[in-house]
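For the numbers below, each heavy atom of this structure counts, side chains included, while hydrogens, waters and symmetry mates do not.
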Amino acid sequence: MANSGLQILGFALALLGVIGLIIGTILPQWKMSAYVGDNIITAVAMYEGLWMSCAFQSTGQIQCKVYDSLLQLNGALQATRALMVVSILITLAGLGAACMGMKCTNCGGDDKVRKSRIAMAGGIIILVGALCAIVACSWYAHDIIQAFYNPFTPVNTKYEFGSAIFIAWAGAFLTVVGGAMLAASCPRNKSTPKYPISRPPSSKEYV
């Protein structure tokens with residue numbers, strides 16, 4: 001029963017994690033304009049995401065533009081986009097496999113050892129997807145930090161972390177925890193029954 005509860009908790013955390021990964025991938029606030037230097041203009045805030053760039057004005061108006069060409073994007077952005085999409089697909093596949101192997105479902109047959117192995121495989125797949133998301137977010141964050149501290153970067157084009165990258169990081173963390181819980185569903189080998197060793201009756205009686 002405890003193992004079944006651990007599987008349910010791990011599946012729920014992994015599901016919340018993949019929802020966070022999807023939301024973080026869609027949102028355009030991966031990096032936001034940093035207000036540094038002498039000329040500070042707060043009327044317009046610039047945001048850039050994996051798919052589009054947006055300008056938020058102080059009046060509440062939002063203008064977004066989808067990136068025109070994929071080849072014009074830098075390598076970090078292209079790699080982050082690819083890794084996030086791969087991470088979501090792998091995590092969803094791992095959730096499907098884990099759902100078949102959970103004890104509370106009827107999929108995968110009645111063999112408990114086989115179902116535990118399927119759940120463990122699903123947890124490992126989820127961990128691989130979470131690793132892709134962690135690499136993507138860390139790579140993008142490193143690119144932001146490197147450009148921010150580069151002395152040749154113009155002041156008005158410096159960016160800092162946006163809210164979407166933190167959502168993606170949180171989703172990756174939940175996915176890691178959930179995948180680890182599912183991967184902990186190690187199948188237990190069927191132990192052979194141990195019978196007490198019976199000794200042959202002795203003909204000698206000791207006083």
key: Closest non-hydrogen atom pair between T91 and I126, with its separation   = O-CG1, 4.0 Å

request  = Drop me the distance from T80's OG1 to W139's CH2, to the nearest 0.5 angstrom.
outcome  = 7.0 Å

query = How far apart are the closest heavy atoms of A97 and I118, and which atoms are they?
reply = O-CG2, 3.1 Å

query = S87 and L21: which non-hydrogen atoms are nearest, and at how many Å?
reply = OG-CD1, 3.7 Å

query = Has the side chain of K158 got a donor or acceptor atom that lies under 3.5 Å from a matching backbone atom of F148?
reply = yes

query = Given the rule in the side-chain contact (heavy atoms from CB on, under 4.5 Å) test, do I26 and W51 qualify, once you have shown the distances and angles that lead to the verdict?
reply = CA-CA 7 Å; I26 295 174; W51 313 99; 5.6 Å; no

key: Nearest atoms (heavy-atom pairs only) where F11 meets A98   = CD1-CB, 4.5 Å

remark   = Separation between CG (D143) and NZ (K31), nearest 0.5 Å, reads 6.0 Å

inquiry  = Using the rule that Ile, Leu, Val, Met, Phe, Trp and Tyr join whenever any side-chain heavy atoms are under 4.5 Å apart, tell me whether V128 and L174 fall into a single cluster.
reply    = no

side-chain contact (heavy atoms from CB on, under 4.5 Å) partner of Q29, chosen from F166, F56, F161 = F56

task = Write down the atom of A183, the atom of L127, and the distance for their closest heavy-atom approach.
result = CB-CD1, 4.4 Å

key: Interatomic distance, E160 atom CD to S33 atom OG [nearest 0.5 angstrom]   = 7.5 Å

message = Let me confirm one number: the CG-CG distance from L77 to L50, rounded to the nearest 0.5 Å.
response = 6.0 Å

ask   = Are side-chain heavy atoms of S163 and M32 found at a separation under 4.5 Å?
value = no

message = With heavy-atom distances below 4.5 Å as the criterion, would you say the side chains of V176 and I134 are in contact?
response = yes

key: Trace of the side-chain contact (heavy atoms from CB on, under 4.5 Å) decision for M120 with L182   = CA-CA 6 Å; M120 183 179 64; L182 290 170; over 6 Å; no

ask   = Distance-only, no hydrogens or angles: does the Y67 side chain make a donor-acceptor pair with backbone N or O of G49 under 3.5 Å?
value = yes

ask   = Taking W30 for the side chain and G24 for the main chain, is one N or O donor matched with an acceptor at less than 3.5 Å?
value = yes

query = Linking I/L/V/M/F/W/Y whenever any side-chain heavy atoms sit under 4.5 Å apart, do L83 and F173 land together?
reply = no

ask   = Mind checking whether I165 and I145 sit in one hydrophobic cluster, side chains of I, L, V, M, F, W, Y counted as touching below 4.5 Å?
value = yes

note = Correct closest heavy-atom pair for G20 and I167 would be O-CG2, 3.5 Å

task = To the nearest 0.5 Å, tell me how far I19 CD1 sits from I23 CD1.
result = 7.0 Å

request  = Please check if L16 and M181 belong to a single hydrophobic cluster, counting links between Ile, Leu, Val, Met, Phe, Trp and Tyr side chain heavy atoms closer than 4.5 Å.
outcome  = yes

key: Co-membership, hydrophobic cluster, residues I124 and L131, 4.5 Å side-chain   = no

